[in-house]
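Worksheet: one structure, shown below.
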Number of protein chains: 2
Amino acid sequence: MAKDTSPAKRGRKRAVGEDEVVAAAIRLLGARGADAVSIRGIAAELGLAPNAVYTYFPDRAAVIGAVVEHLLGETDLAALTARDTPWRDRIHTLAGDLRRRLLAHPGAVNLLLSGPMDGPNALALGEALLAVLADAGLDPTEAARASYLLIVQVLGAIALEAAELPSPAPAPPIAERVATRREQLRAIPADRFPRTAGAADTIAQFVSDEQYAWGLDRVLDGIEGRANS
Amino acid sequence: MAKDTSPAKRGRKRAVGEDEVVAAAIRLLGARGADAVSIRGIAAELGLAPNAVYTYFPDRAAVIGAVVEHLLGETDLAALTARDTPWRDRIHTLAGDLRRRLLAHPGAVNLLLSGPMDGPNALALGEALLAVLADAGLDPTEAARASYLLIVQVLGAIALEAAELPSPAPAPPIAERVATRREQLRAIPADRFPRTAGAADTIAQFVSDEQYAWGLDRVLDGIEGRANS
DNA sequence: TACATTAATTGCACAGCGTACAGAAATTGG
DNA sequence: CCAATTTCTGTACGCTGTGCAATTAATGTA
């Protein structure tokens, strides 16, 4: 049961730790977007030669995976399992939290979607979600299906929002993004797309907190209909 | 009203057309994955020097945008507006169609999510969706919100499926993907993630047709609850 | 028919990327 | 003090997007 990470190894001492590599990557992600999260960029950030990074991770994908894990690990799973709060509220809190955190560095969600999410923090999140949905009255099979549905919904919504942001810069405020959309929507020919043009005001607000919560509520409605079967 | 694309221009004749550029890109996408859709790869496919591509598109992002538009344009919108079919069935058909088409070249959905979907084919799809949801009894505002919800759901589900596929190769059959997942899930420690381990069988099938349809049905349930308010 | 104009294509170059390989530097157990 | 072991660096290869200048091909006009 000894910590088998410390027992005084032989060779040269490490200049940094794996966590510092991840930290440097996240620093780049926030400051210069997802494309800037490069091996060479991270190395420069740490004052190392590019290939020194390969001491800590086998390839770029592994670094990305560790970053994803770190981002997922920041979520407050305790709030998710607090059984004194209604289950729908708990999910709303988690979803809002994830959205805020992931849109803080646009491009982060693209990292999530660039590989399977199979790390321990991803598992922990899934497990907590299953617990909430059991509280909601779903049997284990339905709870599992619903948990995936929720993850799809949350990551999908965030990904679509992120898709229309130019990667660098930590995302303008929502009001500004809505205004930009409204401006672009005014160019739509009302004769060819009458319904779209007519609903332009609502469409402009697709990237708002309200639409995000509305969509989640419809999903939760659908899930709730399967409860205590 | 004359075709202002033909009136006999002056300089050298174009070796290919914009559509051939897009076709070459899609050929690469299907054969060697999203990463292979490079300017140089397209140029090689067409027998041109790399920078000749810049005659047709200003940069790589524009090429990607055209590819996305082309993929969206392949969807059968007529089936969406056939009012003799129940509206839920029509949406299921469209969703299944999109999934099949996008998973045919994994990585395609990442292209969709790499920029705003604001081309004419994207607009046409949105417009058709609004019509279906009007048929479902939603007022224009709710229909707009629901249409975005549906797009989020469909693209999110496809993106999550694509995320765990190694980009090249046109996606193994579903049964094989489920088997692979089941294998990986057997490694999950049941003591730390009891619910996850217990539902492993269901979780393995997250990438199945059934889960896709199940999730869509929950979303449609939620949307249906807002009809004829 | 000859020439000038215009557009498409090419060659070359630059800066960046991931990463493989060999060697130098640093640290420790014996 | 030496040998073993680990980390870090130098160098290099092949790939990417794309800007600039020169070349090639097609046309309208004289």
Side-chain angles (χ1 to χ4, degrees), chain A residues 2-22 24-25 28-29 31-68 107 110-111 114-115 166-168, chain B residues 3-22 24-25 28-29 31-67 107 110-111 114-115 166-168:
Chain A
K3 299 183 70 175
D4 54 356
T5 58
S6 60
K9 287 176 299 182
R10 188 109 75 155
R12 185 172 176 170
K13 203 155 277 174
R14 296 196 156 190
V16 298
E18 312 191 13
D19 48 341
E20 296 184 61
V21 176
V22 172
L28 285 171
L29 182 63
R32 306 203 280 113
D35 289 348
V37 183
S38 63
I39 296 288
R40 299 174 111 101
I42 292 168
E45 192 81 7
L46 297 172
L48 295 175
N51 29 4
V53 175
Y54 290 91
T55 304
Y56 305 93
F57 297 95
D59 54 23
R60 188 183 121 100
V63 180
I64 301 297
V67 169
V68 166
N110 300 315
L111 299 189
S114 70
S167 182
Chain B
K3 299 183 70 175
D4 53 356
T5 58
S6 59
K9 287 177 300 182
R10 189 109 73 156
R12 185 172 176 171
K13 204 154 278 175
R14 295 196 157 191
V16 298
E18 313 191 11
D19 47 340
E20 296 183 60
V21 176
V22 172
L28 285 171
L29 183 63
R32 305 203 281 113
D35 288 350
V37 184
S38 62
I39 297 289
R40 301 174 111 101
I42 291 168
E45 193 81 6
L46 297 172
L48 295 175
N51 28 6
V53 176
Y54 290 91
T55 304
Y56 306 91
F57 297 95
D59 53 23
R60 188 183 119 99
V63 181
I64 301 296
V67 169
N110 300 315
L111 300 188
S114 69
S167 182

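So you know, we letter chains A, B, ... as the sequences are listed, proteins then strands, and number each from 1. Quick caveat: nothing in here was measured; it's all calculated off a predicted structure. Atoms considered below: every heavy atom in the structure, side chains included; atoms not considered: hydrogens, waters and symmetry mates.
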Check against side-chain contact (heavy atoms from CB on, under 4.5 Å), B:Y56 and B:E20: CA-CA 10 Å; B:Y56 306 91; B:E20 296 183 60; over 6 Å; no
For side-chain contact (heavy atoms from CB on, under 4.5 Å), just list the numbers for B:L29 and B:L111, CA-CA rounded to whole Å, side-chain angles, deciding distance to a tenth of an Å, and then say yes or no. CA-CA 10 Å; B:L29 183 63; B:L111 300 188; 4.1 Å; yes
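Remark on DNA chain D: of its neighbouring residues B:K13 and B:A61, the 5'-side contact belongs to B:A61, judged by nearest-heavy-atom nucleotide. When each of B:P50 and B:G11 is assigned the nucleotide of DNA chain C bearing its nearest heavy atom, the one mapping closer to the 5' terminus is B:G11.
Put simply, CG on B:N51 is 18 Å from P on C:dA7, counting in whole angstrom units. In this structure, A:L28 atom CG and C:dG18 atom P are separated by 11 Å, rounded to whole Å. With rounding to whole Å, A:I39 atom CD1 is found 11 Å from C:dA20 atom P. Here the C1' atom of nucleotide C:dG16 and the CZ atom of B:R60 are 15 Å apart, to the nearest Å. Rounding to whole angstrom units, CD of residue B:E18 and C1' of C:dA8 are separated by 13 Å. Distance CZ (A:R32) to C1' (C:dG16): 11 Å, rounded to an integer number of Å. What separates CD of A:E45 from P of C:dC17 is a distance of 13 Å, to the nearest Å. Per the geometry, CG belonging to A:L46 stands 15 Å off P belonging to D:dT7, to the nearest Å.
Judged by distance alone, with hydrogens and angles left aside, A:R12 brings a side-chain donor or acceptor within reach of the base of D:dT7, the pair sitting under 3.5 Å. Taking only distance into account, the side chain of A:R40 never meets the base of C:dG16 through a donor-acceptor pair shorter than 3.5 Å. A donor-acceptor contact under 3.5 Å is not formed by the side chain of B:R10 with the base of D:dT29. Between the base of C:dG18 and the side chain of A:D59 there is no donor-acceptor pair shorter than 3.5 Å.
Within 4.0 Å of A:Y56, counting heavy atoms only, lie sugar-phosphate atoms of the nucleic acid but no base atom. Residue B:T55 is classed as a base contact, given a heavy-atom separation below 4.0 Å to a base.
One finds the CG atom of B:L28 at 11.5 Å from the CG atom of B:D35 (value rounded to the nearest 0.5 Å). Between the CD atom of B:E18 and the CZ atom of B:F57 there is a distance of 5.0 Å, given to the nearest 0.5 Å. Rounding to the nearest 0.5 angstrom, the gap separating the CD1 atom in B:I42 from the CG atom in B:L48 is 11.0 Å.
Distances were taken from every side-chain heavy atom of A:R14 (C-beta onward) to each of C:dG18, D:dT18, D:dT7; the shortest belongs to D:dT7.
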